[in-house]
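Here is how names work: the chains are called A, B, and so on, in the same order as the sequence lines, proteins then strands, and each is numbered from 1.
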Protein chains: 4
Amino acid sequence: MARATRTAGTGGTGPSATRHHGNRHGRSEQARLAVLNAADDLLVEKGFAGVTMEGIATRAGVAKQTIYRWWSTKTDVLMDAFLQDVAEDLAVRDSGDLPVDLRAYLRDLAWFLSASDSGAVFRALIAQAQHDPAFAQDFRSRCLDQQRRRDRRTLERAAERGELPPGLDLVAEADQLMGPLYYRVLVTGEPVGQDFTDRLVDAFLHRHGLTAPATG
Amino acid sequence: MARATRTAGTGGTGPSATRHHGNRHGRSEQARLAVLNAADDLLVEKGFAGVTMEGIATRAGVAKQTIYRWWSTKTDVLMDAFLQDVAEDLAVRDSGDLPVDLRAYLRDLAWFLSASDSGAVFRALIAQAQHDPAFAQDFRSRCLDQQRRRDRRTLERAAERGELPPGLDLVAEADQLMGPLYYRVLVTGEPVGQDFTDRLVDAFLHRHGLTAPATG
Amino acid sequence: MARATRTAGTGGTGPSATRHHGNRHGRSEQARLAVLNAADDLLVEKGFAGVTMEGIATRAGVAKQTIYRWWSTKTDVLMDAFLQDVAEDLAVRDSGDLPVDLRAYLRDLAWFLSASDSGAVFRALIAQAQHDPAFAQDFRSRCLDQQRRRDRRTLERAAERGELPPGLDLVAEADQLMGPLYYRVLVTGEPVGQDFTDRLVDAFLHRHGLTAPATG
Amino acid sequence: MARATRTAGTGGTGPSATRHHGNRHGRSEQARLAVLNAADDLLVEKGFAGVTMEGIATRAGVAKQTIYRWWSTKTDVLMDAFLQDVAEDLAVRDSGDLPVDLRAYLRDLAWFLSASDSGAVFRALIAQAQHDPAFAQDFRSRCLDQQRRRDRRTLERAAERGELPPGLDLVAEADQLMGPLYYRVLVTGEPVGQDFTDRLVDAFLHRHGLTAPATG
DNA sequence: CAGTAATCGAGACGGTACGTCTGGTCTTCGG
DNA sequence: CCGAAGACCAGACGTACCGTCTCGATTACTG
């Protein structure tokens with residue numbers, strides 16, 4: 001909900017800035033944000049089936065045609081809503097120490113995937129990708145790739161610092177490290193507390209001989 | 001498709017065995033199988049969105065009400081279809097040797113998840129579980145639990161044989177071993193060849209000091 | 001997912017009469033009449049533009065699909081509504097005396113065309129026939145022909161009684177007699193009082209030497 | 001189509017005549033004619049339902065707002081298009097002989113109403129007048145009155161020449177004479193050949209003792 | 001010779017209704 | 001009682017037009 005307010009409360013923000021409702025010079029930013037917000041809110045409140053083009057239009061105070069002008073399906077809208085929000089809900093910290101950063105990131109990722117609003121959108125999009133191969137491709141190139149890059153970031157920084165053996169396939173390592181977390185959230189639905197994520201990190205560190213914590 | 005034929009071509013199976021079209025003697029097995037088949041076929045042919053109650057009814061030559069009498073939603077139908085087929089498409093072998101059995105199972109599981117018909121149904125159900133928490137619970141207890149038990153079987157047998165250290169949390173181990181495979185199929189959509197599954201097995205074995213394979 | 005079904009609590013109106021809401025044995029008479037009524041009412045209240053399929057459905061408490069199942073357009077609905085009502089709003093009297101009956105019928109017809117509810121529907125249908133040739137053909141065979149037959153009836157009876165010269169083209173005579181009335185209602189929109197219709201009748205009678213009233 | 005060319009082919013008409021695209025001192029005649037033409041063409045090609053403000057704008061190469069600036073509805077546009085054309089498609093001849101002129105005019109009127117392009121527009125406008133009383137009033141004062149004056153012209157000239165009895169109500173006589181023709185075109189849709197119109201004229205003449213034609 | 005005022009093409013906007021599709025419910029009849 | 005058939009209410013789908021609006025460019029008068 002923070003989104004719309006940012007622009008809606010224009011008050012006397014700028015001189016005569018972005019006041020247009022859509023004309024030859026481009027679309028209405030106001031309508032765009034209202035749509036993204038409405039989609040987001042509906043997903044969180046009523047679930048994926050409760051997100052309909054009509055519902056979004058009504059809730060956003062926007063004409064259906066305005067939505068169809070810029071997005072082709074409700075999942076397309078949700079994808080934009082996700083891209084708008086994800087940066088705020090999942091940041092990558094950098095303390096310069098791999099074990100510390102890794103533990104922090106997996107904890108944050110677990111929260112993002114299982115508890116945040118944009119995580120709910122993310123899960124819905126992954127689900128839709130199972131149902132629709134064409135959407136899957138679009139989703140991967142527009143959302144998932146950057147998400148995986150984020151997931152790899154901590155390892156890459158450590159590799160640059162020399163904390164990891166050279167020549168390591170970081171993509172494969174990241175998939176092996178994060179995979180069980182995604183699996184748990186998406187498939188088994190079991191809780192993902194810090195104990196769970198820490199165990200994954202420990203296994204990773206141990207695998208590369210970085211520390212040998214007797215976590216048990 | 002084998003399913004329906006089994007019953008439809010009754011020919012001279014029995015005296016006048018399961019010949020009823022639905023009367024006071026219980027539901028029609030013929031109708032039940034036709035429905036499951038139709039749902040299955042529609043999913044494979046047209047994707048999840050192409051599976052509708054009306055479509056199933058038409059394709060199965062059955063009245064809509066007949067479906068609603070026994071199933072509540074199309075995903076409910078698909079779940080039954082899945083349970084009917086999964087046993088055939090994913091078996092657990094037992095050679096008595098952990099590395100061998102593990103490599104074989106992960107290869108089979110990869111094929112099952114990414115290429116088999118029942119795997120397609122499975123993915124659709126997992127997707128639906130993201131969209132609908134109530135369905136998720138039902139799906140987990142009726143389908144997923146047994147799937148995870150199957151995934152664990154090889155490890156359990158090895159543990160019984162003493163090939164694995166005692167006191168190991170087999171559930172956690174299995175999740176960590178299979179997680180990246182599910183992740184790859186459901187999320188990244190990248191191919192899951194034997195090289196990929198073997199690498200997962202090798203990491204698992206190495207983690208427990210069972211072999212020290214030079215990667216490659 | 002129990003849906004709140006709203007059924008008119010008719011109590012125990014009849015034995016077990018027409019209680020069905022549409023099943024394999026035919027359509028719901030209740031729905032049919034509700035639709036015709038709603039269309040009629042909307043036309044009278046809001047004019048032709050105020051008659052919409054959605055509006056009819058809402059007002060009739062009927063699903064849009066139910067309308068489209070039995071009628072193709074709103075004018076199709078209006079045509080049925082007209083056929084349902086016309087008999088009540090325009091009757092042909094028979095006193096056995098041509099001048100008397102003719103004066104009475106033209107007066108009734110004038111009221112029907114310009115002031116009755118079904119006359120309003122009739123005018124709307126004639127208008128639509130100007131806009132759509134395909135509809136025009138349908139309208140003429142289903143409504144107009146019987147209307148013109150009604151318009152001719154009085155003359156035909158008089159001819160049978162020998163009050164009119166034999167061999168007269170009654171169709172042409174009727175068109176010439178009624179034409180100016182329709183013209184006045186549809187085109188000029190001027191009032192059609194009894195003085196006006198009587199003058200038409202007098203001209204007709206004079207044309208055939210039946211009476212020679214010096215009408216001023 | 002003749003219309004636009006008339007102005008479009010400015011060639012060397014005037015010095016720098018009507019070349020403006022609309023500025024503070026008046027509207028663009030070019031746009032005006034393009035709109036009227038487009039409306040006319042659309043009506044003839046696709047029928048009344050095929051005439052839309054958007055369609056007119058596109059076909060005329062004009063912005064929607066330009067249309068709304070000068071006309072309020074599509075029927076308003078059609079009315080102007082009609083006024084632009086009617087004079088060319090229906091002229092009143094004057095030979096000085098009532099029977100001759102009357103026969104000629106009714107023949108021309110029949111062709112105008114049933115076969116000409118502006119007649120098609122005229123019928124569409126009459127139809128719209130049935131649907132919309134406010135439009136009806138506007139249409140009658142701006143189009144119909146002059147049309148009825150044209151219809152009366154021949155009789156008026158004959159009256160001035162003394163060919164008709166003095167004190168005759170020419171309005172009523174014209175309505176009674178033309179009414180059946182309008183009725184036939186607008187309501188029954190039957191063909192209006194010269195035999196039909198001549199018979200109307202003969203009845204009129206006989207009614208006033210001008211000739212005594214043996215009917216048929 | 002700038003400034004102003006009205007026009008024009010373009011097209012996004014909030015809406016309404018369209019005609020279609022699917023979801024679930026209900027009723028009737030045959031076996 | 002079950003199953004086939006199919007009519008029913010409900011409501012979302014994606015499209016077509018409606019009438020309003022804002023924009024930048026154009027053009028003739030006005031000061």
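Between the side chain of B/Lys74 and the main chain of B/Ala39, no donor-acceptor pair closer than 3.5 Å is present. No side-chain donor-acceptor contact under 3.5 Å links D/His131 to the backbone of C/Gly47.
Within residues 39-47 of chain C, no residue is approached by DNA chain F to less than 4.0 Å at the level of any non-hydrogen atom.
Computed from coordinates, the A/Trp70 CH2 to E/dG11 P distance equals 11 Å when rounded to whole Å. When rounded to the nearest whole Å, the span between CD of D/Glu29 and P of F/dT27 equals 18 Å. Residue D/Arg27 contributes atom CZ, which lies 18 Å from atom C1' of E/dA5 at whole-angstrom precision. One can place CD of D/Gln30 at 16 Å from P of F/dT26, the figure rounded to the nearest angstrom. Atom CD1 of A/Ile67 is separated from atom C1' of E/dG15 by 13 Å (rounded to the nearest Å). Rounding to whole angstrom units, CZ of residue C/Arg59 and P of F/dC9 are separated by 17 Å. At whole-Å resolution of the value, CH2 in D/Trp71 and P in F/dC18 are 15 Å apart. The distance between atom CZ of D/Arg69 and atom C1' of F/dT22, rounded to the nearest whole Å, is 12 Å.
Each of B/Ser72 and D/Thr66 lies near DNA chain E, and the nucleotide nearest D/Thr66 is the one positioned closer to the 5' end. If you find the closest nucleotide of DNA chain E to B/Thr52 and to C/Ala49, the one lying nearer the 5' end belongs to C/Ala49. When each of A/Met53 and C/Val62 is assigned the nucleotide of DNA chain F bearing its nearest heavy atom, the one mapping closer to the 5' terminus is C/Val62.
The side-chain contact (heavy atoms from CB on, under 4.5 Å) test with D/Val51 is passed by exactly one of D/Val77, D/Val121, D/Leu43, D/Val44: D/Leu43. Only one option out of A/Val62, A/Asn37, A/Ile67 pairs with A/Ile56 in a side-chain contact (heavy atoms from CB on, under 4.5 Å); it is A/Ile67.
Each of E/dC18, F/dC9, F/dG19 was ranked by its minimum atom distance to the side chain of C/Tyr68; first place goes to E/dC18. Between E/dG19, F/dC13, F/dG6, one nucleotide has an atom nearer to the side chain of B/Gln65 than all others, and that is F/dG6. Checked against E/dC21, E/dG23, E/dG9, the side chain of B/Glu54 finds its nearest nucleotide in E/dG23.
No engagement by B/Gly55 is indicated, since no non-hydrogen atom pair under 4.0 Å with the nucleic acid exists.
Note that the CZ atom of C/Phe139 and the CG atom of C/Leu125 stand 5.0 Å from one another [nearest 0.5 Å].
Ion pairing of B/Arg59 with B/Asp40 is absent here, as no side-chain N (NZ or NE/NH1/NH2) approaches a carboxylate O to less than 4.0 Å.
Judged by the 6.0 Å distance and 45° axis criteria, C/Arg27 is positioned over the aromatic ring of C/Trp70.
Side-chain N/O atoms of B/Lys64 and base N/O atoms of F/dG6 include no donor-acceptor pair closer than 3.5 Å.
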